[in-house]
Amino acid sequence: MNPIRGATRERLQALRSEIEHHNHLYYVKDAPQISDAEYDALFRELDAIEQAHPDWITPDSPTQRVGAAPLSDLASVTHRLPMLSLNNGFNDAEIEGFDRRVREALDAEAVDYACEPKFDGLAVTLAYENGRFVQGATRGDGYTGEDVTVNLRTIRAIPMQLPVERPPRLLEVRGEVLMLKRAFADLNARQQARGEKSFVNARNAAAGSLRQLDPRLTAARPLTFFAYGLGATDGFDVPDSHAAVLDFLAEQRFRVATERRVVRGAPGLLEYYSWIGGMRAELPYDIDGVVYKVDSLRQQVSLGFVSRAPRFAIAHKYPAQEASTVVEGIEVQVGRTGALTPVARLRPVFVGGVTVTNATLHNEDEVRRKDVRPGDTVIVRRAGDVIPEVVRVLAEHRPSDAPVFQMPSRCPICGSEVYREPDEATSRCVGGLVCSAQRKQALRHFASRRALDIEGLGERIVDQLVERNLVRSPADIFGLTVEQLAGLDRMGPKSAANLHASIDRSRSTSLDRLIYALGIRHVGESTARDLAHHFGRLDAIVTADEAALMNVPEVGPVIAGSLVHFFAEAHNRAVVEALRNSAVHWPEGEPKPIATSAQAAGRSFVITGTLPTLSRDDARALIQAHGGKVSGSVSKKTDFVVAGADPGSKLAKAQDLGISILDEAGLLALLAARDD
Ligand code: IVH
């Protein structure tokens with residue numbers, strides 16, 4: 001009997017809990033105990049069992065965390081117990097007042113409080129029925145939220161099954177979905193490299209990622225979850241203190257703040273506040289305060305609620321990293337792709353540890369929405385390493401003659417027309433490389449470290465080269481003489497010679513750097529790498545149509561369209577030619593034939609087992625490059641099964657269905673068969 005086909009439900013369950021155990025060690029504890037390869041092996045075994053027994057697949061299986069099919073809207077969910085808000089305290093006196101009221105109401109001399117950070121994310125409630133995650137919802141208005149179950153399933157820090165011995169009929173876990181600061185910085189760097197918009201802060205990024213109709217997008221975002229309490233329960237012996245509830249949640253594999261403490265009385269609260277305040281910058285996530293809760297749940301019940309907030313808890317906020325200042329003007333900056341960004345020039349103000357002199361206003365709609373005008377007094381905020389932003393206008397301080405902001409109809413730099421796509425927020429200068437602002441940015445990008453890496457060719461020098469009309473397009477850089485460079489401001493003969501040498505060195509580059517350096521919209525570093533790898537030669541990319549481009553993994557219609565559009569422009573092709581004529585060179589590989597195999601094009605392939613030389617990803621890419629499709633499971637529609645060592649159930653199924661089976665050599669032979 002095939003071991004996979006003969007696998008039992010016990011093995012399935014054992015694998016699922018083992019994988020969830022390792023998810024917990026990796027995603028919650030940051031302390032993995034097995035290698036990626038060992039983890040993958042467990043995952044593959046589970047996947048194989050589920051493929052052999054599709055009726056055993058349940059939504060809480062670890063294999064289902066990659067994101068289900070898109071939804072048409074987010075359904076609304078009525079909370080069993082409302083998700084209330086907290087009253088805030090901003091200074092010692094308000095906290096002492098809170099403690100006094102609690103003591104008086106309880107008739108107690110001193111009260112113990114459970115203290116924890118106040119996470120700056122998005123509140124959600126997670127329902128577990130008989131230990132299984134069944135539904136999750138956002139807070140919404142506190143009474144009704146949005147059903148984001150399928151999105152929450154993609155968050156590895158959320159357990160799909162609770163390891164509790166006797167699972168309660170219902171256990172609602174409440175907490176906050178957020179993005180860790182590091183993950184947020186990485187995400188923004190990736191967004192920028194791809195030419196996509198960056199997020200203003202981790203909270204917005206987390207909220208935008210969770211409230212998605214396409215769970216696959218959520219799955220691609222580095223979200224995590226911290227638990228801070230319980231909602232409704234049924235059949236559950238609730239512990240008698242909040243601290244014990246949090247310990248229980250930690251045992252159930254939830255992430256719980258390690259900085260949680262139980263303290264006594266107002267002095268204990270204020271000490272906790274200073275302690276967390278001192279480490280705020282080093283915490284891995286953003287917080288906007290700390291939360292104090294009466295620790296005893298019996299005492300919590302007796303204190304109860306006033307209107308929409310508990311009497312037993314309070315949030316103690318840190319002074320916002322906000323300050324007010326005056327907008328001295330609104331300038332419009334022109335980016336590399338011609339995008340016009342309004343920027344508020346501010347009277348310098350010290351906020352969040354630095355002096356801020358300008359703040360992005362993002363785009364025309366954003367300026368309208370906030371109605372920011374020159375002369376306005378505004379609140380600016382700085383959060384972590386994030387770009388300062390204008391939070392709101394203090395309308396009462398507006399000078400009577402403050403003009404409404406208008407996006408210019410002509411580029412402020414080159415005078416070309418400004419164009420805005422009907423469904424885009426961004427206005428763009430259509431000047432292309434005629435526009436000196438775009439030229440400067442394009443050249444800075446071309447010379448940057450990850451592009452041609454021309455050491456010493458920084459912003460100040462590029463600006464001068466463009467302003468003196470010494471460089472109009474990238475190839476002009478290679479015609480610069482040492483004398484011309486030495487003639488620039490603050491450039492000695494030694495640095496001119498050094499720069500000249502580094503320009504010379506950069507002539508020898510690689511295809512992926514060159515593609516990235518061209519600054520094609522939507523083509524970041526990793527897409528450039530994929531294109532170079534797939535096509536081998538620049539000419540193959542220049543002449544590829546959209547369908548051919550979309551054979552490259554990760555290249556969809558937007559990127560493909562952008563590439564075709566770019567190379568359709570004669571002046572862009574001229575730039576490439578001029579670079580070649582300036583002796584810029586890179587090794588070129590053999591182009592991979594595209595859809596030339598009559599036997600592969602349009603056919604459906606399934607890969608199983610370990611192939612002798614090709615990795616699974618390579619085999620998939622190769623098949624796709626020849627116009628074939630690769631799917632995960634064998635069905636009557638499968639044309640070929642490519643089987644390597646330890647093939648598992650897919651091979652058996654293919655044999656049952658009489659499907660052609662290939663080994664690696666057979667696959668390569670099939671792909672090599674041309675139809676001409
Ligand atoms: S306890 C009855 N604990 O703050 C409300 N809330 O203003 C109990 N929040 O939207 C909430 N960190 O999502 C609690 N450690 C924490 C929290 C926390 C963040 C959020 C919560 C809610 C808001 C309440």
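Counting starts at 1 for both ligands and their atoms, in listed order.
With Lys317 contributing its side chain and Asn88 its backbone, the two residues share no donor-acceptor pair below 3.5 Å.
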Inset, instruction - Test side-chain hydrogen bond (donor to acceptor under 3.5 Å, both in side chains) on Gln64 and Ser61 and set out the steps. - result: CA-CA 5 Å; Gln64 305 303 300; Ser61 169; 4.9 Å; no
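Qualifying salt bridge (Lys or Arg N to Asp or Glu O under 4.0 Å) partners for Arg203, counting only residues two or more places apart in sequence or in other chains: none. In this structure, the ring pair (Phe, Tyr, Trp, His ring centres under 6.0 Å) partners of Phe312, at least two apart in sequence or on a different chain, are Phe305.
Residue pairs meeting the ring pair (Phe, Tyr, Trp, His ring centres under 6.0 Å) criterion with at least one member in residues 267-301, sequence neighbours excluded, are Phe119-Tyr285, Phe226-Tyr285, Tyr272-Trp275, Tyr273-His316, Tyr273-Tyr318, Tyr292-His316.
You'll find the ring centres of Tyr113 and Phe98 inside the 6.0 Å limit.
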Show the short N or O contacts, below 3.5 Å, that ligand 1 makes with protein N or O atoms; if there are none, say 'none'.
unit_1	atom_1	unit_2	atom_2	d
ligand 1	3 (N)	Lys293	NZ	3.0
ligand 1	4 (O)	Lys118	NZ	3.2
ligand 1	7 (O)	Leu86	N	3.1
ligand 1	12 (N)	Phe119	N	3.0
ligand 1	13 (O)	Glu176	OE1	2.5
ligand 1	13 (O)	Tyr228	OH	2.6
ligand 1	15 (N)	Glu116	OE1	3.2
ligand 1	15 (N)	Pro117	O	3.0

